[in-house]
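The residues of the chain are indexed from 1 along the displayed sequence.
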Amino acid sequence: MSNTSEHQLPVPMSEHTLGIILVSASAAVFALTGVLTKSITADALVILCWRGLVGGLLIGAYVLLRSRGALSAFRLGWRGWLLAVIGCFASIAFIAAFKYTYVANVAIIYATTPFLAGFLGFMLFRERMRGVTMIAAAISICGVALMIISGAGQGNLFGDTLAFIMTAIFALYMVLIRKFRDTPAVWAGAVSALLLFVFGWFATDPLAVTQNDMILLVLFGATMALAVILWTEGARLLPPPETGLLGSSEVPFAMLFAWLFLTELPPFASVVGGAIVLAAVIWHAGRDLRREKIHAIP
């Protein structure tokens with residue numbers, strides 16, 4: 001009797017499985033944003049400055065490697081520059097929000113981005129907004145409202161407002177990326193980060209940081225770049241609904257990391273509101289995924 005079963009070659013990982021791992025890892029890495037922001041004592045502009053330099057250079061190197069030096073990957077045009085500027089404003093509000101409210105609150109509000117993008121797409125470009133999207137959006141709004149109303153008077157309203165502004169800007173960013181399909185969006189993100197470095201360099205004193213802060217700032221920039229690269233590579237291997245579904249895992253990751261590294265426990269209302277928002281996101285993405293699989297059946 002042959003012993004061939006003991007010497008079988010390992011089965012190679014499928015592209016689909018690799019995509020799941022990469023997108024999930026991206027969500028986990030991106031979820032460190034709140035922990036790193038709150039762990040750094042420097043102000044938001046200093047954080048954006050150094051995060052922008054490190055992250056922008058690393059993402060730029062990735063684009064250069066991925067494009068094999070093709071100049072077309074670096075031609076932004078007015079659409080790309082518009083994306084870069086919008087990205088700057090979104091990043092400013094994003095980092096500042098963490099300084100004024102719970103990590104969980106920012107993550108929960110940010111999770112509503114796809115629904116707000118659907119609304120903006122309808123308002124700006126008359127893109128069709130499906131009934132299931134409107135239902136999921138209404139459910140998620142209830143979750144956010146519960147969280148904000150219950151937290152009124154606890155000093156988090158300013159941070160929650162910044163998080164909502166950030167989410168609205170990111171939603172606009174998503175809508176424009178869909179419209180500007182020929183624009184190198186990843187490179188536009190790198191340029192946005194580098195613009196924040198230039199702005200921060202002149203608007204604040206980026207050299208007035210402690211050694212510990214500098215280590216964390218470099219780490220912050222590296223994790224931002226890593227999250228972008230992991231998501232970009234993973235999204236190439238998965239259908240968009242599944243990418244969005246896996247991306248929603250950022251919310252529980254962010255809450256877990258805030259508890260582990262900051263011992264930050266959000267109020268009960270934030271947990272309940274987050275569960276409502278996450279349920280709406282998962283339900284919506286799950287329906288889209290099932291719909292895509294049905295259409296894929298020959």
Side-chain angles (χ1 to χ4, degrees), residues 23-24 26-28 30-31 33-34 90 93-94 97-98 101-152 154 156-157 159-175 177-178 238-256 258-259 265-295:
V23 173
S24 300
S26 170
F30 193 69
T33 300
F94 189 41
F98 284 115
T101 191
Y102 294 102
V103 171
N105 288 25
V106 179
I108 291 164
I109 294 172
Y110 180 64
T112 65
T113 302
F115 307 132
L116 196 50
F119 175 74
L120 288 177
F122 171 75
M123 293 298 294
L124 296 176
F125 302 108
R126 287 297 180 262
E127 293 179 351
R128 179 174 170 267
M129 192 172 181
R130 293 179 298 131
V132 65
T133 302
M134 289 189 282
I135 293 172
I139 294 171
S140 68
I141 288 171
C142 291
V144 172
L146 172 66
M147 179 184 69
I148 293 176
I149 293 171
S150 299
Q154 296 182 14
N156 302 318
L157 185 58
D160 291 344
T161 302
L162 284 175
F164 181 78
I165 292 172
M166 169 271 298
T167 301
I169 299 173
F170 267 126
L172 175 61
Y173 191 88
M174 287 178 62
V175 171
I177 283 179
R178 287 203 304 267
L238 298 174
E242 190 167 2
T243 302
L245 182 61
L246 292 170
S248 66
S249 63
E250 180 201 334
V251 175
F253 274 130
M255 297 173 74
L256 175 63
W259 173 63
L265 291 173
F268 180 69
S270 293
V271 176
V272 175
I276 293 172
V277 171
L278 199 56
V281 172
I282 292 173
W283 175 69
H284 183 267
R287 283 181 62 93
D288 279 352
L289 185 58
R290 286 194 299 272
R291 182 178 170 207
E292 185 161 307
K293 286 181 176 179
I294 291 172
H295 289 166

task = Check F253 against S24 and note the closest heavy-atom contact, atom names and distance.
result = CE1-O, 4.1 Å
task = For Y173, check ring-ring contact (aromatic ring centres under 6.0 Å, His included) against everything at least two apart and list the hits.
result = none
ask   = For V103 and A258, which heavy atoms make the closest approach, and how far apart are they?
value = CB-CB, 3.9 Å
Less than 3.5 Å apart, which donor and acceptor atoms pair up between the side chains of residues 136-144 and the rest of the protein, not counting sequence neighbours?
{"from": "S140", "atom 1": "OG", "to": "A136", "atom 2": "O", "distance (Å)": "3.4"}
{"from": "S140", "atom 1": "OG", "to": "A137", "atom 2": "O", "distance (Å)": "2.8"}

query = In Å, rounded to the nearest 0.5 Å, how long is the span from OG1 of T167 to CZ of F94?
reply = 8.5 Å
task = Check whether any side-chain N or O of T101 sits under 3.5 Å from a backbone N or O of A97 as a donor-acceptor pair, and report yes or no.
result = no
query = Below 4.5 Å, heavy atoms only, C-beta onward: do Y110 and M166 meet side chain to side chain?
reply = yes
query = Does any pair with a residue in residues 238-252 pass side-chain hydrogen bond (donor to acceptor under 3.5 Å, both in side chains), and if so which ones, sequence neighbours excluded?
reply = H16-E242
query = Can you list the residues that meet the ring-ring contact (aromatic ring centres under 6.0 Å, His included) rule with F119, with sequence neighbours excluded?
reply = none
message = Ignoring hydrogens, what is the shortest heavy-atom contact between L289 and P239? Give both atom names and the distance.
response = CD1-CG, 4.0 Å
query = Minimum heavy-atom separation for A90 to I169, with atom names?
reply = CB-CG2, 3.6 Å
query = Atom CG in D160, atom CD1 in I148: separation rounded to 0.5 Å?
reply = 5.0 Å
remark   = Correct closest heavy-atom pair for A111 and V251 would be CB-CG2, 3.7 Å
Which atom of F115 lies closest to which atom of M129, heavy atoms considered = O-CE, 4.0 Å
task = Check ring-ring contact (aromatic ring centres under 6.0 Å, His included) between F164 and all other residues, then give those that pass, not counting sequence neighbours.
result = none
task = Rounded to the nearest 0.5 Å, what's the gap from OH on Y102 to CG on L265? Could you check?
result = 9.0 Å
query = Which residue pairs satisfy the side-chain hydrogen bond (donor to acceptor under 3.5 Å, both in side chains) criterion with at least one member in residues 114-125, sequence neighbours excluded?
reply = none
message = Suppose the criterion is salt bridge (charged side-chain N to carboxylate O under 4.0 Å, His left out): which pairs have a residue in residues 130-150, not counting sequence neighbours?
response = R130-D288
May I have the list of side-chain donor-acceptor pairs in residues 275-285 shorter than 3.5 Å, sequence neighbours left out?
{"from": "H284", "atom 1": "NE2", "to": "T133", "atom 2": "OG1", "distance (Å)": "2.8"}

message = Just to verify, what does S270 make a side chain to side chain contact (heavy atoms under 4.5 Å, CB included) with, not counting sequence neighbours?
response = N105, M147, P266, P267
note = Residue pairs meeting salt bridge (charged side-chain N to carboxylate O under 4.0 Å, His left out), one or both in residues 269-278, sequence neighbours left out, come to none
message = Please enumerate all residues that pass side chain to side chain contact (heavy atoms under 4.5 Å, CB included) together with A171, with sequence neighbours excluded.
response = T113, L116, A117, L120
key: Residues which pass side-chain hydrogen bond (donor to acceptor under 3.5 Å, both in side chains) with R287, listed by chain and number, not counting sequence neighbours   = none
